[in-house]
Amino acid sequence: MLEIKENLSLKSYNTFGLDVKASEVYFLTNIAQLSDIPQREEALILGGGSNVLLTSDLHRPVIINQLKGIEVLSQEADFIELRVASGENWHELVMYCVEHGYGGIENLSLIPGSVGAAPMQNIGAYGVEIQNVLQNVTAIRLSDLKERTFSAEECEFGYRHSIFKSRLKGQYLITGITLRLTKNHHTLNTSYGAIQEVLARKGITEASIKDISEAVIEIRQSKLPDPKELGNTGSFFKNPVIKKAHFDRLKSQYPEIKSYPVDDDHVKVPAGWLIESRGWKGKVVGNTGSHKQQALVLVNYGKATGKEVKELSEAIKADIASTYGIELETEVNIIEA
Ligand code: EPU
């Protein structure tokens, strides 16, 4: 039975904890139920609600994805292929893999949200992105309910980017993903300085996937606010990629500015640094603000509205643009109505 609720507050369905109302909310537990949802093409699909900013009440269907299931598709001596339904919780999947000794997503521990949202924005942290282990994504087109399998290449992954966020935005509901993970001879990624520091402090020289997962959890807990305690959606903006020549000009004016290499002509600048340098870090503006430990994270102090958060983000964007000539792009999906 397809469960439907009317005039429901979405406060507990978005990690910002924004109290907006939706006229009809459908709780999807199997794909066949999609045919019972009127105007499903206009629907807003929520998994964990960890990457959306809801700015007003919604007078269109909202689908809460509750498709569940983890299945072993195939395995060899060193590899395993897992098929995971999109409504599973991402972090619980990571914990399942760590417990079973399947390597590849341990650096992506504690990322809030659902499995379906992971390929949508090619989630990444501490040197790993989901595209590194993703075999394919299955999705269903809302208009005609046709199912399609997208190979990793067809997903057009980039930094916090995929085809589902761009050309096919709003057209498909992701139903599941297939991951190829290691059972032995894991390719561990400990390149990130903070991971190395935690391992060194614990005296770990030969890290296991569990050690890395625990290190990542410790790092994230130390600077990223827990959405259950303080509403947020992780990084609000992407780290901007700018021309090297532009960066060199900025560097001569602001010698402390940081960057990561991208290619011969471009560098990535940490948005957190840009925002902090302008004094926004820890600043409280009404019911919202930039987090005191990670400037890139905007938070809801309890009673914020989506509009307030959006206004703060626009003020930050305008300040960074006029100071550094850099246009910050939002990572979060801003939902207008
Ligand atoms: N920084 C500051 N001030 C701040 C925050 C950061 O100066 O308040 C500077 C520091 O120089 C620091 C650098 O920015 O060395 C990088 O900071 P951090 O390691 O915290 O990572 P980030 O670039 O801010 C990105 C991802 C995170 C991911 C981490 C770790 C984006 C938009 N964000 O953040 O992803 O967890 O790297 O890999 O790429 C998310 O997408 O929601 C998210 C949390």
Side-chain angles (χ1 to χ4, degrees), residues 14-16 47-53 90-91 94 105-114 117-132 157-162 165 189-198 212-213 215-227 230-242 247 250-251 254-262 267-283 289-299 309 313 316-317 319-320 323-324 326-333:
N14 72 100
T15 62
F16 249 124
S50 61
N51 207 38
V52 284
L53 179 71
W90 175 262
H91 179 65
V94 177
I105 54 174
E106 56 281 356
N107 293 51
L108 306 178
S109 298
L110 216 59
I111 295 184
S114 65
M120 184 79 82
Q121 58 151 348
N122 186 20
I123 55 168
Y126 309 102
V128 172
E129 287 178 330
I130 191 175
Q131 66 166 328
N132 303 134
F157 288 126
Y159 164 58
R160 295 293 191 278
H161 179 87
S162 79
K165 255 185 111 170
N189 191 324
T190 55
S191 58
Y192 205 87
I195 293 186
Q196 287 172 14
E197 280 163 32
V198 175
I212 295 184
S213 169
V216 168
I217 290 173
E218 189 181 321
I219 300 161
R220 290 189 77 98
Q221 283 177 337
S222 73
K223 59 179 171 186
L224 292 170
D226 179 351
L230 196 57
N232 76 89
T233 54
S235 304
F236 195 90
F237 301 102
K238 293 192 206 178
N239 285 331
V241 173
I242 62 169
F247 180 76
L250 290 174
K251 181 89 183 162
Y254 308 97
E256 334 73 55
I257 191 168
K258 300 220 164 105
S259 69
Y260 309 110
V262 172
V267 297
K268 196 187 264 184
V269 181
W273 185 91
L274 296 170
I275 298 168
E276 180 174 351
S277 73
R278 296 292 303 154
W280 291 100
K281 189 173 184 171
K283 195 167 178 171
S290 153
H291 187 54
K292 60 181 186 309
Q293 274 148 318
Q294 197 355 328
L296 195 45
V297 177
L298 303 189
V299 298
V309 179
S313 77
I316 293 174
K317 266 172 94 157
D319 187 19
I320 301 305
T323 310
Y324 299 109
I326 295 177
E327 293 294 330
L328 289 181
E329 264 181 61
T330 50
E331 183 190 282
V332 170
N333 195 1

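The figures here come from the full heavy-atom set of this structure, side chains too, leaving out hydrogens, waters and symmetry mates. Quick caveat: nothing in here was measured; it's all calculated off a predicted structure. Counting starts at 1 for both ligands and their atoms, in listed order.
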**OP:** Considering the heavy atoms of Tyr159, write down every atom of ligand 1 situated less than 4.0 Å from one of them.
**Re:** 31 (C), 32 (C), 39 (O)

Original post:
Does Tyr260 have a non-hydrogen atom less than 4.0 Å from ligand 1?
Top reply: yes

Original post:
Side chains of Thr15 and Ser50: is there a donor and an acceptor less than 3.5 Å apart?
Top reply: no

Original post:
When only distance counts, is Ala295 in polar contact with ligand 1, meaning an N/O pair under 3.5 Å?
Top reply: yes

**OP:** Kindly compute the distance separating NZ (Lys283) from CD1 (Ile316), expressed to the nearest 0.5 Å.
**Re:** 9.0 Å

Original post:
Does Lys268 make a cation-pi contact with Tyr159, if we ask for NZ or CZ under 6.0 Å from the ring centre and within 45° of the axis?
Top reply: yes

**OP:** Answer yes or no: does an N/O atom from Lys258 fall short of 3.5 Å to an N/O atom of ligand 1?
**Re:** yes

**OP:** Identify which of Glu276, Glu329, Lys223 has a heavy atom lying nearest to atom 3 (N) of ligand 1.
**Re:** Glu276

Original post:
Against heavy atoms of Glu331, which atoms of ligand 1 measure under 4.0 Å?
Top reply: 32 (C), 40 (C), 41 (O), 42 (O)

Original post:
Is there a heavy atom of Arg160 sitting under 4.0 angstrom from any atom of ligand 1?
Top reply: yes

Original post:
Can you tell which of Gly124, Ser259, Ser235 gets a heavy atom nearest to atom 33 (N) of ligand 1?
Top reply: Ser235

Original post:
At a 4.0 Å threshold, what atoms of ligand 1 neighbour a non-hydrogen atom of Tyr192?
Top reply: 18 (P), 19 (O), 21 (O), 30 (C), 38 (O)

Original post:
For ligand 1, which atoms sit closer than 4.0 Å to a heavy atom of Arg220?
Top reply: 36 (O), 44 (C)

Subject >> Side-chain touch Ile257/Val269, heavy atoms, less than 4.5 angstrom >> reply: yes

Show me the donor-acceptor pairs, under 3.5 Å and distance only, between side chains in residues 273-280 and residues at least two apart or in other chains.
{"unit_1": "Glu276", "atom_1": "OE1", "unit_2": "Lys281", "atom_2": "NZ", "d": "3.2"}
{"unit_1": "Ser277", "atom_1": "OG", "unit_2": "Trp273", "atom_2": "O", "d": "3.4"}
{"unit_1": "Ser277", "atom_1": "OG", "unit_2": "Leu274", "atom_2": "O", "d": "2.6"}
{"unit_1": "Ser277", "atom_1": "OG", "unit_2": "Tyr324", "atom_2": "OH", "d": "2.4"}
{"unit_1": "Arg278", "atom_1": "NE", "unit_2": "Asp319", "atom_2": "OD1", "d": "2.9"}
{"unit_1": "Arg278", "atom_1": "NE", "unit_2": "Asp319", "atom_2": "OD2", "d": "3.1"}
{"unit_1": "Arg278", "atom_1": "NE", "unit_2": "Thr323", "atom_2": "OG1", "d": "3.2"}
{"unit_1": "Arg278", "atom_1": "NH2", "unit_2": "Asp319", "atom_2": "OD1", "d": "2.9"}
{"unit_1": "Trp280", "atom_1": "NE1", "unit_2": "Asp319", "atom_2": "OD2", "d": "2.9"}

**OP:** Please write down residue, atom name and distance for the protein heavy atom closest to atom 24 (O) of ligand 1.
**Re:** Gln294 NE2, 2.9 Å

Subject >> Nitrogen or oxygen atoms of Tyr126 and ligand 1 under 3.5 Å apart >> reply: yes

Original post:
How long is the gap from NE2 on His91 to CG on Leu110, to the nearest 0.5 Å?
Top reply: 5.0 Å

**OP:** Go through Glu331 and Lys238 one step at a time and tell me if the salt bridge (charged side-chain N to carboxylate O under 4.0 Å, His left out) criterion holds.
**Re:** CA-CA 5 Å; Glu331 183 190 282; Lys238 293 192 206 178; over 6 Å; no

**OP:** Run the numbers for me: atoms of ligand 1, each under 4.0 Å from some heavy atom of Lys281, listed by number.
**Re:** 3 (N), 4 (C), 8 (O)

Subject >> Leu108 side chain reached by Trp90 side chain, heavy atoms, under 4.5 Å >> reply: yes

Subject >> Ligand-residue contact atoms, ligand 1 with Gly234, heavy atoms, under 4.0 Å >> reply: 42 (O)

Original post:
Can you tell me how far the NE2 atom of His161 sits from the CD atom of Glu129, to the nearest 0.5 Å?
Top reply: 12.0 Å

Original post:
Partners of Phe247 by ring-ring contact (aromatic ring centres under 6.0 Å, His included), sequence neighbours excluded?
Top reply: none

Original post:
Just heavy atoms, cut-off under 4.0 Å: does Phe237 contact ligand 1 by side chain, backbone, both, or neither?
Top reply: backbone

**OP:** Report the member of Ala271, Gly193, Pro270 with the shortest heavy-atom distance to atom 14 (O) of ligand 1.
**Re:** Pro270

